[in-house]
Each structure stands twice: as C-alpha cells, then as structure tokens.
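This report concerns only the one structure given below.
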Number of protein chains: 2
Amino acid sequence: MAAKRSGAESKQSRRTVASPRPGQEPRGEAPLSLERIVASAVELLDAEGLDGLKMRQLADRLGAGAMSLYWHVGNKEAVFDLALDAVLEYRRSPEIVAPQDWRGEIIHMLEDWRAGMLRHPWSASLLPRRALGPNILSRLELLGKTLSKAGVADADLNVAIWSLWNYVIGATITRANFELSDDDRAAAQQRLTDLSQHYPTIERSRLLLDNDWDGAFRKGLDFLLDGLAPRE
Amino acid sequence: MAAKRSGAESKQSRRTVASPRPGQEPRGEAPLSLERIVASAVELLDAEGLDGLKMRQLADRLGAGAMSLYWHVGNKEAVFDLALDAVLEYRRSPEIVAPQDWRGEIIHMLEDWRAGMLRHPWSASLLPRRALGPNILSRLELLGKTLSKAGVADADLNVAIWSLWNYVIGATITRANFELSDDDRAAAQQRLTDLSQHYPTIERSRLLLDNDWDGAFRKGLDFLLDGLAPRE
DNA sequence: ACCTGAACACCGTTCAAGT
DNA sequence: ACCTGAACACCGTTCAAGT
C-alpha cells in the first residue's frame, strides 16, 4: 500500500482572482476555477458516491472540455483532497459558546463533525485515507485545546484525542454505509431470525435492526467521555 | 449511494469437492475452486491493496484463463466479500479462556480482531462497506454475550457493542492507512512545525508523530471500557 | 495562460463458443 | 460442468496542438 501523498498541489502556485471584467460574469459559462471544480465535485460525490466521480463527467457538468480539468488539478486524487477538505470546514456557532461546560462543547463539536460528514456520506470513508487537510487539523486543534482546558493530563491528551477520533470515524463510516432500503431491512431481519440459533444474543438485542443511530452515537460518546474524564 | 448487496452468491449452489483422481492433484495447476480463488485474492490484496485487485491479474496468478473466474464468482464484489470474511475468522485460543475475567476476555477479543485486520490492511476499510458475513457476526455475538455476562444491562447492550465496534473500526482503519515512510514522517513533522502558530496544541502534544499505536489503542480501550462498565 | 480532442493503456463484464 | 478469447463499454491520463 503506497504511502499517501497530499496530492492537492496544482500546477499554478497561486490563484489569481483578478477577473477580466470585474463585477460581471460572462453569460453562459463561468470560467473554470478551482472553486467551481471543487463545488461541482462535492455535488457529484453527493449524488453518485465515491465511485461515481468521473473526471469526464465532472468536466461535462462544468461545461468544459473533457480534459480541461488537468490544467487546474493535476490529478483525480487532488480533486478528492480538495472536496474532502471543503466539506470539513467548521463554522463554530458563536451563540452557543458554552462558557465552562467543556463536556457540552466537546459533544457539540463531535456531533457537528459527524453531522457534516453524514451530509456528504463519501467523506467519512475518505478522511482516514488521505493526508490531513487544514480544516480537519483545525478541528483536532480545537478538540485538543478543549480537552486540555478540561483538565485532561498532557500524558493522556493524545490518547483522548485519538479515542474520540476513532469513535467518530468508526460511527460515521458505519452509519453512512448502512443505508438499507426497506426491502433490505426486511431481508436482514428474516436472515437473522433464521440464524437465531447461531447468534442468539445479537438477535435478541436486535442489534442490526436498531434504528436510533443518533441516540446510540450520543450514548456511546457519553460512555467514552465518562472514561476519559469522569464527572465529579 | 446504492444499498449494499451481499454479492457472495455464486452460480453454483454447492461446492462438489469430489475430485476426479482422489488423493492425487494433477501436476502443474490445481483446478479452479472457490477456495483457491479466495486464497489468491487475499494474497493479491495483501500485496497490492484494495485498488490493486484486478480480475485479470487474479486469474493469471491462478494459472487460469482471464475470464474463467466468472463461472465461480459472478462478480468482483463477491471476491471482496469472500476475501473479507475469510480474513475475519476468529480462532479462539482455548488455553487463554480466562474464567471470570470478562474485561481481559473482551480486550483479548478486540486486540485479536484489530491485529487480524492489520495483517490485511485492506480489510478494515472494506468491512463497514459490505454486508456482515458469518465470521464477523460470530465475533459480534461473542462480544455481546461476554458483555451481557459481565452485567451490562440489556438496554445498554447495543450501545456498548456499537461503541466498541466504532472504536475498533476507527482505530484500525486509521492505523492501516497511516503507513508513512520516513520521508513522509519527516515532511509531516516539518509541516506541523511550520504551522505551529495555527495548531499549537497538537503540535505540542506531537499528535501526528506519536508512534505507539498499540499502546494508544489499549489505553483508549481501557477508557471506553471504564465508561461502559466501571470497575468496582 | 488556458483549453481542447485524439490517442494510449488500461479496466470489468458479456457472450458465443469450445471441451 | 467448466473454461476460453474476442469484443464492448468504459476509465484516467498524456500530449501535441490550438487560442
């Protein structure tokens, strides 16, 4: 397995935004730009999934010739990196700045992170495979700072951050890929019932049929936080 | 995103193992069989990664004509499903059957699960995307039974199972994809130092340079288990 | 500086045909 | 029952060429 590269570099070192006719976009098609490419890529990924992003289709959607993208991005991997980072931006709602409630703040951050990824179900699967972009680093920085402020010892800080990372990543990837149709759900239930002699515990607990993903995420997160920094 | 199918069905309903010349394999190439295909697929995936599995190459490695596989498997997705399940088998070491130590037993199960997936780094990324095969269901059943025996309330059982699942999946996917070369590592360190004004906390804690993956996994797991079922 | 089509080297899968 | 090669419909990317 090759070591991952960032891949986000483009042939141009800086984006010159000076438009030829300021304040007036040409009718019909705007010129190609990194911003437009990334926005379109996110739309396409939302609609078609990770395997559904094709360079030709992306160019088509932008009204550009099939191969024009390669002047801007260099690579399909670069498109993935840019789309992923675009989706991970954190807009901290300034009204909910909980003052001393570090636990509530952490829960808010992680629920926001998960919700953002679920709005783009391809993103969670992609995140661990790619180099960490600026937006995810910002989230980790804020998470670490909050944990530290909350009194987590420096010696435990990395473990605490990675534990929460693991939990959020695992939960979100699982949930994003578990979008069963009603037929699938019925079939799974039937199959599990057929096999209840082999798997009595998870059949009895209805593990695969429980549909309260948000509640389970929140409860498990509470358990983990209890272990990381017990409430007094 | 399409609902996932099992895809593991083949055109033949049962494998007839009756060999024409019993006890004597023909010289040169053994005949094609599901077992040989799966074993070769695992080898190929180990060597080349998820993107490196090509149907033609797999057939080649088996000494078969390029398209012979399709009589046995029907699909490339079926190959993935079979290879994944093959890798998830749990051989419980009968000597280490800890009697009353449910916590040790759970830790052993989950560390074994993680270690098995890290031996096949493509497997962790694949697992949440596919339907759950018999071997992973067995692991979940055993996990649930052990937690239940340990006194976890029925109302909390699903949350406990999914929390541990999330943690193991997230940790293993992250670790399997974080195989940096020394050059990459040096570059990452340099980049983080350059940006230390933006990410002071994670720079100070050396979050991305900490190399003790096994220790961090174990410590975080301890925290989570503390939250799930506090030691008395 | 920015865009383009033709062309190359691949893929997974189908199918008619072999034994 | 089991295997095969030719062929189809795609892909990502390169490149020489346009403006």
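Letters A, B, ... mirror the listed sequences (proteins, then strands); counts begin at 1. Just so it is clear, the values below take in all heavy atoms, side chains as well, and ignore hydrogens, waters and symmetry mates. What you are looking at is a predicted structure, and each value in this text was computed from that prediction instead of being measured.
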Would you write out the dot-bracket form of DNA chain C, 5' to 3', with Watson-Crick and G-U pairs under 3.5 Å, [ ] for crossing pairs, | for pairs to other strands and . for unpaired bases? ||.|||||...|||||.||
May I have all residue pairs that pass side-chain hydrogen bond (donor to acceptor under 3.5 Å, both in side chains) and include part of residues 109-119 of chain B, sequence neighbours excluded?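 The answer is B:D112-B:R139, B:R114-B:D214.
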If you compare every side-chain N and O of A:H72 against the phosphate oxygens of C:dC3 (OP1, OP2), does one of them come in below 4.0 Å?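 Yes, such a contact exists.
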Heavy atoms under 4.0 Å is the rule here; annotate nucleotides 4-14 of chain C 5' to 3' with B where the base is hit, S where only the sugar-phosphate is, and - elsewhere. BBB----BBBB
Between D:dC2 and C:dA17, how many Å separate the two P atoms, rounded to a whole number?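 Going atom to atom, P in each nucleotide, I get 22 Å.
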Residue among A:I37, A:L34, A:V42 satisfying side chain to side chain contact (heavy atoms under 4.5 Å, CB included) with A:L82: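 That would be A:L34; it is the only one of A:I37, A:L34, A:V42 passing the side chain to side chain contact (heavy atoms under 4.5 Å, CB included) with A:L82.
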Mind checking side-chain contact (heavy atoms from CB on, under 4.5 Å) for A:Q57 and listing every partner two or more places apart, or none if nothing turns up?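 With sequence neighbours excluded, A:Q57 shows a side-chain contact (heavy atoms from CB on, under 4.5 Å) to A:L44, A:E48, A:K54, given in chain and number order.
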Take atom NZ of A:K76 as the centre, draw a 6.0 Å sphere, and report whether it contains more than 12 heavy atoms from other residues, nucleotides or ligands.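 Yes, because the 6.0 Å sphere around NZ of A:K76 holds more than 12 heavy atoms from other groups.
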List the residues meeting salt bridge (Lys or Arg N to Asp or Glu O under 4.0 Å) with B:R218, not counting sequence neighbours, and say none if there are none.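 B:D222.
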Determine whether the aromatic ring centres of residues B:F217 and A:W162 are separated by less than 6.0 angstrom.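 Ring-ring flag for A:W162/B:F217: false, centres at least 6.0 Å apart.
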Under the side chain to side chain donor-acceptor pair (under 3.5 Å) rule, collect the residues that match up with A:S125, sequence neighbours excluded. none
Looking at B:P128 and A:N177, what are the two nearest heavy atoms and their distance? O-CB, 3.3 Å
